[in-house]
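All remarks here apply to the structure that follows.
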Amino acid sequence: VQLQAFGGGLVQAGGSLRLSCAASGRTISSYVMGWFRQVPGKEREFLSTYWSGGSTYYANSVKGRFTISRDNAKNTVYLQMNSLKPEDTAVYYCAARPLGLLSTARSAYAYWGQGTQVTVSS
């Protein structure tokens, strides 16, 4: 599966953005989909996953502010980000892994999009 993330940009603190991850080659229903982010010099951080049975899971840092969703007809996964903070500034990546147990580990995801920059100004 090939993934392409887009929708990043510059937003003021308190604002919202919606990231999209368009998949091609395989249907996303065959995968567990996830979102990560990375700041230069730091490890790639797990944010959210949409996994088996339609369940969702969030990192504590974004719980209540970010929402992951999926549109199977468009073969696209979304990350709605609300109440953005300057510390949310990062490159955001979507990722996919074969269906299986819940995992937040970067190493569990085999397929990655190219990343999209999100910058939140104070």
Side-chain angles (χ1 to χ4, degrees):
V1 64
Q2 292 79 46
L3 304 174
Q4 183 175 10
F6 55 96
L10 174 64
V11 63
Q12 288 188 329
S16 299
L17 279 176
R18 189 178 78 160
L19 305 183
S20 301
C21 176
S24 60
R26 293 287 301 273
T27 175
I28 58 173
S29 59
S30 300
Y31 297 92
V32 171
M33 304 299 296
W35 284 97
F36 289 73
R37 67 186 178 190
Q38 190 167 21
V39 176
K42 292 190 175 182
E43 293 292 319
R44 194 164 295 187
E45 175 191 12
F46 167 83
L47 298 176
S48 180
T49 184
Y50 193 110
W51 63 298
S52 180
S55 300
T56 57
Y57 183 81
Y58 298 92
N60 288 334
S61 58
V62 303
K63 192 178 298 182
R65 300 189 299 124
F66 291 10
T67 303
I68 190 171
S69 62
R70 183 172 76 183
D71 186 335
N72 288 339
K74 295 183 178 181
N75 217 29
T76 299
V77 175
Y78 303 98
L79 186 68
Q80 177 66 44
M81 306 186 296
N82 298 328
S83 302
L84 284 163
K85 306 174 183 179
E87 52 263 44
D88 293 319
T89 296
V91 177
Y92 283 68
Y93 297 88
C94 62
R97 56 183 287 257
L99 295 176
L101 297 176
L102 173 65
S103 176
T104 62
R106 174 183 178 177
S107 59
Y109 290 79
Y111 308 97
W112 293 85
Q114 83 285 5
T116 184
Q117 175 71 46
V118 172
T119 303
V120 184
S121 63
S122 56

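For the numbers below, each heavy atom of this structure counts, side chains included, while hydrogens, waters and symmetry mates do not.
- Distance alone, capped at 3.5 Å, is enough to place a donor-acceptor pair between the N75 side chain and the I28 backbone.
- The hydrophobic cluster containing Y78 does not contain L47, counting ILVMFWY residues as joined when their side-chain heavy atoms lie under 4.5 angstrom apart, directly or transitively.
- Annotation: side-chain hydrogen bond (donor to acceptor under 3.5 Å, both in side chains) contacts of Y31 (sequence neighbours excluded): none.
- The neighbour count for K63 NZ, taken as heavy atoms of other residues, nucleotides or ligands under 6.0 Å away, is above 12.
- Judged by distance alone, with hydrogens and angles left aside, the side-chain atoms of S48 form a donor-acceptor pair with the main-chain N or O of Y57 at under 3.5 Å.
- Closest non-hydrogen pair, S121 versus L10, comes out as CB-CD1, 4.3 Å.
- When every heavy atom of Q38 is checked against every heavy atom of A90, the shortest pair comes out as O-CB, 3.4 Å.
- Here the side chain of R26 pairs no donor or acceptor atom with the backbone of V1 at under 3.5 angstrom.
- M81 and L84 make their closest contact through CB-CD2, 3.8 Å (heavy atoms, listed as atom of the first residue, atom of the second, distance).
- For I68 against T49, the heavy-atom pair with the smallest separation is CD1-C, 3.8 Å.
- Side chains of L79 and V62 form no contact here, defined as non-hydrogen atoms less than 4.5 Å apart.
- Formation of a donor-acceptor pair under 3.5 Å by the D71 side chain with backbone atoms of T76 is not found in this model.
- A cation-pi contact, defined as under 6.0 Å to the ring centre and within 45° of the axis, is absent between R106 and F36.
- Considering all non-hydrogen atoms of both residues, M33 and C21 come closest at CE-SG, 4.4 Å.
- Using a 4.5 Å cut-off on side-chain heavy atoms (C-beta onward), Q4 and Q114 make contact.
- In this structure, T56 OG1 and Y50 OH are separated by 8.0 Å, a value rounded to the nearest 0.5 Å.
- Every residue meeting the side chain to side chain contact (heavy atoms under 4.5 Å, CB included) condition with P86, not counting sequence neighbours, appears here in chain and number order: A13, V120, S122.
- A heavy-atom distance below 4.5 Å is found between the side chains of F66 and D88.
- Side chains of E45 and S61: a donor on one and an acceptor on the other come within 3.5 Å.
- Put simply, V39 and W112 are part of two different groups of oily side chains (I, L, V, M, F, W, Y) that touch within less than 4.5 Å, one to the next.
- For the residue pair Y111 and L3, the shortest heavy atom distance occurs at O-CD1, 3.6 Å.
- Within a 6.0 Å radius of CZ in F6, other residues, nucleotides and ligands contribute more than 12 heavy atoms.
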